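Just below is one structure, and these are the notes that go with it.
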There are 2 protein chains.
Amino acid sequence: MALSPIQPRPCTDPDCRGQHAPDERVALAGSLCNARGAQLTKLRRQILELLWESGRPTGAYELVEALKLKTSRPVAPPTVYRTLEFLMSQSLVSKIESRNAYVPCVHPERQNDCLFFICSDCGTSVELEDPRIERLISENAAIIGYRPTRRVVEVEGVCRSCRAAGAAGK
Amino acid sequence: MALSPIQPRPCTDPDCRGQHAPDERVALAGSLCNARGAQLTKLRRQILELLWESGRPTGAYELVEALKLKTSRPVAPPTVYRTLEFLMSQSLVSKIESRNAYVPCVHPERQNDCLFFICSDCGTSVELEDPRIERLISENAAIIGYRPTRRVVEVEGVCRSCRAAGAAGK
DNA sequence: TGCGCAACGTTATAATGTTGCGTTCGTTGA
DNA sequence: TCAACGAACGCAACATTATAACGTTGCGCA
């Protein structure tokens, strides 16, 4: 059964994080895959959904655990890693290298490398784009003769609410 | 025996990579540690030296192997990891998160997070600084209310000589 | 002499990621 | 109809990266 052909709806609001339900995210992913001639199978859909539901960068083995509750049979690590690889190849998921964890992409229709902020306190992450940073990276790359293929920009810090909570706790 | 008090000599030439021998690098590290009240012990010195000699991001277990040849007794992983942690705390070494590997810092006297370019072909890395990128990251962080504590910027790509070699090989 | 501390040693194990091969299942084409 | 094929997944074993927990050494110092 084919997905209903949902048009990609890029969210131009820079503050759109968390404003769409997981189902909606997964549905968009499905139509994107369709358009690209790739298939978002049940397992892939489930894992993407788990990532959206999690709300923070999630490790591969955490997904293995979570799938035990969601599926009839347990799913082994290689399957999860293969699935993550697929989802990353479709820009539906990014890996947070500094955490060995995976997050769903807010704007999978734009196949860009993004900028991630990760709170060292609560573990949540925020995805941003900044073309100016991308441009500067490209400039620097050109100066030293590199042709970039992938950009990893991850900023660890403390988010607003955790700072507030920390200050209140004192 | 104390090290001779070598003054940190920041290399203002942006192209200074690879222009100082490992001994010179290690000597500078020693005087920096002295100045900071930290001690660059024999083991720490050896590991830093190995990293400078390696010429590319090097894994912790590679260091374990390399130390087998350099030292009388083999050194176990926890020791290497502790040493790397110390070296990172002194800004003498950075971790390349996207590779799980470690590189010595070109300018340990400037305790900045840098920008790394890693060649996916030959595995070498180049360290750069760009205050403009740092500023943009801070700006973005401020917008979403983050207080950054660490910046990871790693760019994977193909370096000039590998591109030349690749083109010549065809 | 004995205390305290930093560095290092040692054993075991946790956490993360991969290889290789087999099975299932749907499609395709003679 | 059915062999051939390929994509997706199952699975056992293994490789790699990292840490926990605890013991030992050596040095400065009261």
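Chain naming here is simple, since letters A, B, ... match the order of the sequence lines and numbering starts at 1 in each. Every value quoted in this text rests on a predicted model; they were computed, and no experiment measured them.
Proximity of A:Gln39 to the phosphate of D:dA7: no side-chain N or O atom is located under 4.0 Å from OP1 or OP2.
Listed here is the closest heavy atom pair of A:Asp113 and A:Arg151: OD2-N, 2.9 Å. B:Gly145 and A:Arg163 make their closest contact through O-NH1, 3.0 Å (heavy atoms, listed as atom of the first residue, atom of the second, distance). In this structure, B:Val26 and B:Leu40 approach most closely via the heavy-atom pair O-CD2, 4.0 Å. The two residues A:Pro22 and A:Glu53 have their closest heavy-atom pair at CG-CG, 4.0 Å.
Between the side chain of B:Tyr61 and the base of D:dA15, no donor-acceptor pair under 3.5 Å is found.
Counting non-hydrogen atoms under 4.0 angstrom, A:Lys95 reaches the backbone sugars and phosphates but no base.
Residues from residues 75-89 of chain B placing a heavy atom under 4.0 Å of any atom in DNA chain C, listed by number, are B:Ala76, B:Pro78, B:Thr79, B:Arg82.
Once you apply a 4.0 Å limit to the heavy atoms of chain B, the touched nucleotides of DNA chain C run 5' to 3' over C:dA7 to C:dT11.
Across the protein-nucleic acid pair, B:Arg99 atom CZ and D:dT16 atom P stand 16 Å apart, rounded to whole Å. A straight line from CG of A:Asn100 to P of D:dA18 spans 8 Å, rounded to a whole angstrom.
Nearer the 5' end of DNA chain D, as judged by each residue's closest nucleotide, is the contact made by A:Thr41, out of A:Thr41 and B:Ala60.
Evaluation of the side-chain contact (heavy atoms from CB on, under 4.5 Å) rule for A:Ala60 yields A:Val80, A:Tyr81, A:Leu84, A:Tyr102 as partners, not counting sequence neighbours.
Enclosure of atom CD in B:Gln111 by more than 12 non-hydrogen atoms of other residues, nucleotides or ligands within 6.0 angstrom is indicated.
Atoms SG and CG, on A:Cys105 and A:Asn112 in that order, are 10.0 Å from each other to the nearest 0.5 Å.
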The test is salt bridge (charged side-chain N to carboxylate O under 4.0 Å, His left out); show your working for B:Glu154 and B:Arg99 and say whether it passes. CA-CA 10 Å; B:Glu154 299 171 10; B:Arg99 291 263 168 151; over 6 Å; no
